[in-house]
Protein chains: 2
Amino acid sequence: MTEMDGQVPERFARAREAQSVALLEDYVEMIGDLIAELGEARVADIAERMGVAQPTATKAISRLKREGLATARPYRGVFLTEEGADLADRVRARHRTVVELLVAVGVPEGVAELDAEGIEHHVSDETLAAFEGFLKSR
Amino acid sequence: MTEMDGQVPERFARAREAQSVALLEDYVEMIGDLIAELGEARVADIAERMGVAQPTATKAISRLKREGLATARPYRGVFLTEEGADLADRVRARHRTVVELLVAVGVPEGVAELDAEGIEHHVSDETLAAFEGFLKSR
DNA sequence: CAAGAAATATAGCAATGGCTATAAATCAAC
DNA sequence: GTTGATTTATAGCCATTGCTATATTTCTTG
């Protein structure tokens, strides 16, 4: 045990909070990718890439709209708000940094990609800055 | 984009799976800690340390019993099965390694503890091995 | 050992994130 | 421009993980 015992509940609360944001981040990044590649993000494409059924994607998109990250008209494509696009950029950059960090400490490329998907959502700004510093100073 | 585009849905599915196991791991580790410290794990203590209400802890313990990781009789303490104790040991070791790795690449101790709580559940055996190798070879 | 305090369990609610089945809207092609 | 195919939305289900309120059991103490 460490000297931080008193903060244990807060640690878990923080991890839970991060998890609740993770899905939003994944969807926003994916929508950003689709728009960049295809000019628009269709529900069917989003569902396929996320590996979920189409109604699941529709429901997630509703939440994105509620949170002000995306806009969509019924039976039309999905688009990101400025806030959503900013978030997508940050998520993408963080993902790259996490993969690079993992590779830098010896994790095989493919494994790094797989693990980064889960890890990235729990990397705070401070840790991300440390990762960048480490990568630069090698 | 990388050369792994075809596996994107599997990546997310894997991250989701890891998330569903994370809570079990946290509870098992915490119960192990409590037994080591106090000789037994009471529901009230588990709830307090996990930062959740007592019925939430009770419900989680039911799941642990269902999964064969813990045993408990009503109104009595909670104990780990052999499988649960093994899991607790592995989780604890992995947690330490993740914190050490983070510190090794420049993350401040306190931040490392916070972030590790979320990160550790997404660290595969292969990545963990790479972390250990990196730490040893410094 | 009886009563009150403390701990645990249960009931029931909400949000999230899955799913299938089906309805409704759009698109394509004749 | 209709019709059939495709796409999206909706309805309704399940499990999980939280919560509060309340019942029940155990513990403690006079």
Side-chain angles (χ1 to χ4, degrees), chain A residues 8-31 34-35 38-67 69-79 117-118 121, chain B residues 8-31 34-35 38-67 69-79 117-118 121:
Chain A
V8 169
E10 288 74 10
R11 272 215 320 251
F12 288 113
R14 175 168 164 158
R16 283 195 299 269
E17 168 62 22
Q19 173 221 315
S20 101
V21 177
L23 249 211
L24 290 185
E25 292 180 345
D26 285 337
Y27 273 98
V28 160
E29 184 184 3
M30 174 107 340
I31 292 167
L34 285 167
I35 292 173
L38 311 174
E40 67 172 346
R42 310 298 305 262
V43 171
D45 294 334
I46 296 168
E48 189 195 337
R49 293 226 186 161
M50 291 297 297
V52 299
Q54 165 261 309
T56 301
T58 300
K59 209 184 280 190
I61 292 161
S62 296
R63 197 174 154 213
L64 292 182
K65 289 197 280 188
R66 227 191 318 144
E67 309 259 347
L69 297 171
T71 59
R73 299 200 325 283
Y75 297 97
R76 285 281 125 77
V78 179
F79 296 93
E117 200 61 62
H121 302 291
Chain B
V8 168
E10 288 75 10
R11 270 212 324 249
F12 288 114
R14 175 167 165 158
R16 282 195 299 269
E17 167 62 20
Q19 173 220 315
S20 100
V21 176
L23 249 210
L24 291 185
E25 293 181 343
D26 285 338
Y27 273 98
V28 160
E29 184 184 5
M30 175 109 332
I31 291 167
L34 285 168
I35 292 173
L38 311 175
E40 66 172 348
R42 310 298 307 262
V43 171
D45 294 334
I46 297 169
E48 188 194 337
R49 291 226 187 159
M50 291 296 299
V52 298
Q54 166 261 310
T56 300
T58 299
K59 207 182 283 190
I61 292 161
S62 296
R63 194 174 156 213
L64 293 183
K65 290 196 279 186
R66 224 189 322 140
E67 308 258 347
L69 297 171
T71 59
R73 301 202 322 284
Y75 296 98
R76 285 283 123 78
V78 179
F79 295 93
E117 200 60 63
H121 302 291

*Of the candidate nucleotides C/dC27, C/dG17, C/dT10, which contains the atom at the shortest distance from the side chain of A/Lys59?*
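Side chain of A/Lys59 sits closest to C/dG17.
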
Would you kindly give the [atom1]-to-[atom2] distance between [X] and [N], to the nearest whole Å?
{"X": "B/Ile61", "N": "D/dT17", "atom1": "CD1", "atom2": "C1'", "answer": "14 Å"}
{"X": "A/Gln54", "N": "C/dT26", "atom1": "CD", "atom2": "C1'", "answer": "14 Å"}
{"X": "B/Arg76", "N": "D/dT24", "atom1": "CZ", "atom2": "P", "answer": "18 Å"}
{"X": "B/Arg63", "N": "C/dA9", "atom1": "CZ", "atom2": "P", "answer": "18 Å"}
{"X": "A/Met50", "N": "C/dT16", "atom1": "CE", "atom2": "P", "answer": "16 Å"}

_Residue whose closest nucleotide on DNA chain D lies nearer the 5' end, A/Lys65 versus A/Arg16_ = A/Lys65

*Can any side-chain N or O of A/Ser62 pair as donor or acceptor with the backbone N or O of A/Thr58 at less than 3.5 Å?*
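Confirmed, A/Ser62 side chain pairs with A/Thr58 backbone.
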
_Presence of B/Thr56 side-chain N/O under 4.0 Å of D/dC19 phosphate oxygens OP1/OP2_ = yes

*asked:* Any side-chain N or O of A/Thr58 below 4.0 angstrom from OP1/OP2 of D/dT8?
replied: no

Report all interatomic pairs (protein N or O, nucleotide N or O of nucleotides 5-7 of chain C) with separations under 3.5 Å.
from  : atom 1 : to      : atom 2 : distance (Å)
C/dA7 : O3'    : B/Arg42 : NH2    : 3.1

*When you match A/Arg66 and B/Pro55 each to their closest nucleotide on DNA chain C, which lands nearer the 5' end?*
B/Pro55

